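Note: hydrogens, waters and symmetry copies are ignored here, and every other heavy atom, side chains too, is used. Please read all numbers here as calculations on a predicted model, not as lab measurements.
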Amino acid sequence: MATRLGSDPLLRAQVAEAIVQLQKAKGRIRKTRSHNARNLILFLTGGGIVIAAVPSLRETVLNKMRGRNDDRASAAKPSGSPANTIEQEIEVEVPVSTAYNQWTQFEEFPSFMEGVDEVTQLDNTLLHWAATVAGKKAEWDAKIIEQVPDRRIVWESVDGKQTRGTVTFESAGSASRTRIRLNMSYTPDGLTEKVGSAVGLDGRRVRGDLERFRELIEGRKVEAGAWRGEIKDGETTDGSKP
């Protein structure tokens, strides 16, 4: 082949022309890629300007993005699980049984729980709540799913606001002193509740509730009533009445 190229002028010219055409083709490919890239950049830049300039379009795009993010968040978190958790504890100068007995008097909760307007005990395990939350009236039912005298009470909402809570009682170093631990989880409704939760207002409110409970029971020294029944899996185990 090399010998032919050296001795055949026509073949050399054909090869040279082929090389030129190949180089031109490469140039066209590079220009096309550059042109496509430039168009994409201009499109994205221009689109960003349009989106920023037109509020309705901007909101639509943001909503789409939020929707995708919410979908991913929903997939990562079990459906219906409360988003916020509050843990507080306090010690009171009364025996465990006294503190526990007073806590079973659910209809007295409005006397120390901020925002709670009324609690009605419908039966052994079901409570109806009425409260003012972030300036709005709310009502919901909560079911006691576990109750062990002098140890703990566990409840969760069955409609309305999505809440779940556990309160435990234990001796705090002496027979006349009790440590109360309260764990609550809930899903805030609306912007006001979410903002309040973000800055810790809910935690401070629960802390205030516990402090008012301490003032109540330490001021009385005795409980206003008691229910010593036991509840397991949402059912009473001994037929006791509240």
Side-chain angles (χ1 to χ4, degrees), residues 78-90 92 94-134 136-170 178-189 193 202 205-206 208-217 219-242:
S79 175
S81 60
N84 295 33
T85 299
I86 301 169
E87 295 182 2
Q88 292 286 346
E89 69 175 60
I90 200 168
V92 298
V94 295
V96 169
S97 60
T98 301
Y100 171 85
N101 288 343
Q102 181 60 50
W103 197 279
T104 65
Q105 303 308 290
F106 302 113
E107 294 189 348
E108 288 200 18
F109 277 10
S111 64
F112 64 88
M113 285 191 171
E114 182 182 352
V116 176
D117 301 322
E118 184 179 13
V119 177
T120 304
Q121 184 149 14
L122 303 177
D123 58 31
N124 286 0
T125 65
L126 194 62
L127 307 172
H128 180 76
W129 291 69
T132 303
V133 181
K136 296 181 179 179
K137 298 290 185 179
E139 295 190 28
W140 67 95
D141 289 339
K143 186 176 182 63
I144 300 171
I145 56 178
E146 184 179 1
Q147 186 164 340
V148 181
D150 297 338
R151 292 182 59 187
R152 65 180 171 275
I153 302 172
V154 182
W155 70 94
E156 64 181 1
S157 62
V158 295
D159 63 5
K161 296 188 70 62
Q162 198 171 26
T163 64
R164 182 182 176 90
T166 301
V167 59
T168 61
F169 305 83
E170 62 181 13
T178 302
R179 180 179 296 108
I180 302 173
R181 288 192 176 95
L182 182 59
N183 180 296
M184 295 181 62
S185 54
Y186 73 103
T187 299
D189 294 328
E193 285 189 50
D202 299 309
R205 175 178 293 181
V206 172
D209 292 344
L210 288 177
E211 290 175 350
R212 285 185 289 273
F213 178 80
R214 176 171 60 189
E215 294 174 2
L216 173 70
I217 193 60
R220 291 177 175 176
K221 296 298 184 184
V222 295
E223 59 270 39
W227 187 66
R228 305 292 296 178
E230 188 166 343
I231 297 172
K232 184 177 181 181
D233 296 329
E235 300 291 338
T236 54
T237 60
D238 57 5
S240 301
K241 299 295 183 182

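With sequence neighbours excluded, the residues satisfying side-chain contact (heavy atoms from CB on, under 4.5 Å) with D150 are V96, S97, Y100, R228. Listed by chain and residue number, R164 satisfy the salt bridge (charged side-chain N to carboxylate O under 4.0 Å, His left out) test with E156 (two or more places apart in sequence, or in another chain). The side chain to side chain donor-acceptor pair (under 3.5 Å) check on R212 picks up D209, with sequence neighbours excluded. Taking the salt bridge (charged side-chain N to carboxylate O under 4.0 Å, His left out) definition, one finds that K221 meets it with nothing, sequence neighbours left out. F112 pairs by the ring-ring contact (aromatic ring centres under 6.0 Å, His included) definition with W103, F109, F213, not counting sequence neighbours. Residues forming a side-chain contact (heavy atoms from CB on, under 4.5 Å) with E235 (at least two apart in sequence, or on another chain): none. Shown here are the side-chain contact (heavy atoms from CB on, under 4.5 Å) partners of Q88, two or more places apart in sequence or in another chain: I86, V206, R207, L210. When the side chain to side chain donor-acceptor pair (under 3.5 Å) test is applied to T168, no partner is found at least two apart in sequence or on another chain. With sequence neighbours excluded, the residues forming a side-chain contact (heavy atoms from CB on, under 4.5 Å) with E146 are V148, R152, V154, listed by chain and number. Checked against side chain to side chain donor-acceptor pair (under 3.5 Å), E107 has no partners two or more places apart in sequence or in another chain.
To the nearest 0.5 Å, atoms NE2 (H128) and CZ (F106) are separated by 15.5 Å. Within the model, atoms OG1 of T125 and CD1 of I144 stand 7.0 Å from one another, a figure rounded to the nearest 0.5 Å.
R181 is listed as a side-chain neighbour of E170, based on a closest heavy-atom distance under 4.5 Å.
Using a distance-only test at 3.5 Å, with no hydrogens or angles considered, a donor-acceptor pair links the side chain of Q121 to the main chain of D123.
Surrounding CZ of R220 are more than 12 heavy atoms belonging to other residues, nucleotides or ligands, all under 6.0 Å away.
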